[in-house]
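Working notes, structure below.
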Amino acid sequence: MDFALDASTLVSFKYLSTLDLNFYDRHQNNLLDHILGICGEKLSTLIYNVCADYRSVVDCHNIIAKKCPNLISLTFIGDYENAAHLDQESDSTLLRRTSEFQPHPKLEE
């Protein structure tokens, strides 16, 4: 069953700093990208639950890295391995730190 979510109302939450998303039953990277495109810069805390192919999980990390530059806390729960893709292959698609791109510079150790 496909559904659409109008996440545009998130922009009206002036003090939104924490978001807990549960995509555990059905991940949709395009929806994650849409939601974080609207409010990701406001977030200092993101809790993300997802069950998906590891390659999709890597894509989620890339989306979060691009859309949430002010995160202090990131909790990423769930994934599973797909034997068709080696973890090392998927890891190689993670965005790397460069002088122009510093994902999650404020995350607490």
Side-chain angles (χ1 to χ4, degrees):
M1 173 164 82
D2 286 330
F3 63 92
L5 173 69
D6 180 7
S8 63
T9 58
L10 290 171
V11 77
S12 65
F13 290 98
K14 187 175 181 181
Y15 300 106
L16 180 66
S17 63
T18 300
L19 190 61
D20 187 340
L21 294 172
N22 187 339
F23 281 60
Y24 208 77
D25 292 328
R26 183 157 183 237
H27 79 284
Q28 292 186 23
N29 288 356
N30 59 341
L31 182 56
L32 174 67
D33 188 59
H34 175 66
I35 291 169
L36 296 182
I38 292 168
C39 65
E41 292 206 12
K42 295 179 181 182
L43 299 178
S44 60
T45 301
L46 177 63
I47 303 160
Y48 187 62
N49 298 274
V50 65
C51 184
D53 178 275
Y54 186 61
R55 186 153 296 180
S56 292
V57 169
V58 168
D59 290 341
C60 293
H61 277 287
N62 288 338
I63 292 167
I64 294 166
K66 287 187 226 175
K67 305 286 178 153
C68 302
N70 297 309
L71 286 182
I72 295 169
S73 175
L74 172 62
T75 303
F76 203 100
I77 303 166
D79 70 355
Y80 70 83
E81 184 178 356
N82 180 340
H85 300 127
L86 297 175
D87 287 353
Q88 294 85 356
E89 290 174 0
S90 296
D91 285 346
S92 70
T93 65
L94 278 168
L95 296 175
R96 302 293 179 215
R97 291 182 188 272
T98 66
S99 58
E100 292 83 33
F101 181 69
Q102 295 292 315
H104 315 306
K106 299 179 182 181
L107 278 183
E108 296 174 342
E109 296 288 328

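All values derive from a computational prediction rather than experimental measurement. In this chain, residues are counted from 1 in sequence order.
Atom NZ of residue K42 and atom CG of residue N70 lie 12.0 Å apart, to the nearest 0.5 angstrom. Rounding to the nearest 0.5 Å gives a distance of 11.0 Å between OH of Y48 and CG of L74. Within the model, atoms CG of L10 and CD1 of I38 stand 6.0 Å from one another, a figure rounded to the nearest 0.5 Å. For the atom pair OG1 of T45 and CG of L19, the computed distance is 10.0 Å after rounding to the nearest 0.5 Å. Taking CG of L46 as the reference point, atom CD1 of I35 lies at 10.0 Å (rounded to 0.5 Å).
Listed by first and then second residue, the salt bridge (Lys or Arg N to Asp or Glu O under 4.0 Å) pairs involving residues 27-40 are D33-K67 (not counting sequence neighbours).
Partners of T75 by side-chain contact (heavy atoms from CB on, under 4.5 Å), not counting sequence neighbours, listed by chain and number: I47, S73, I77. Shown here are the side-chain contact (heavy atoms from CB on, under 4.5 Å) partners of T98, two or more places apart in sequence or in another chain: E100, F101. Residues forming a ring pair (Phe, Tyr, Trp, His ring centres under 6.0 Å) with H61 (at least two apart in sequence, or on another chain): F76. Partners of N62 by side chain to side chain donor-acceptor pair (under 3.5 Å), not counting sequence neighbours: none found. For D20, the side chain to side chain donor-acceptor pair (under 3.5 Å) partners are N49, not counting sequence neighbours.
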Going through the distances and angles, do L43 and L36 end up as a side-chain contact (heavy atoms from CB on, under 4.5 Å)?
CA-CA 9 Å; L43 299 178; L36 296 182; 3.9 Å; yes
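The heavy-atom pair separating G40 from P69 by the smallest distance is O-CD, 4.4 Å. Of all the heavy atoms in A52 and V57, the pair that sits closest is O-CG2, 3.8 Å.
Crowding of Q102 atom CD: a count of heavy atoms from other residues, nucleotides or ligands under 6.0 Å exceeding 12. A 6.0 Å sphere centred on NZ of K66 holds no more than 12 heavy atoms belonging to other residues, nucleotides or ligands.
The side-chain heavy atoms of N29 and C60, taken from C-beta on, include a pair separated by under 4.5 Å.
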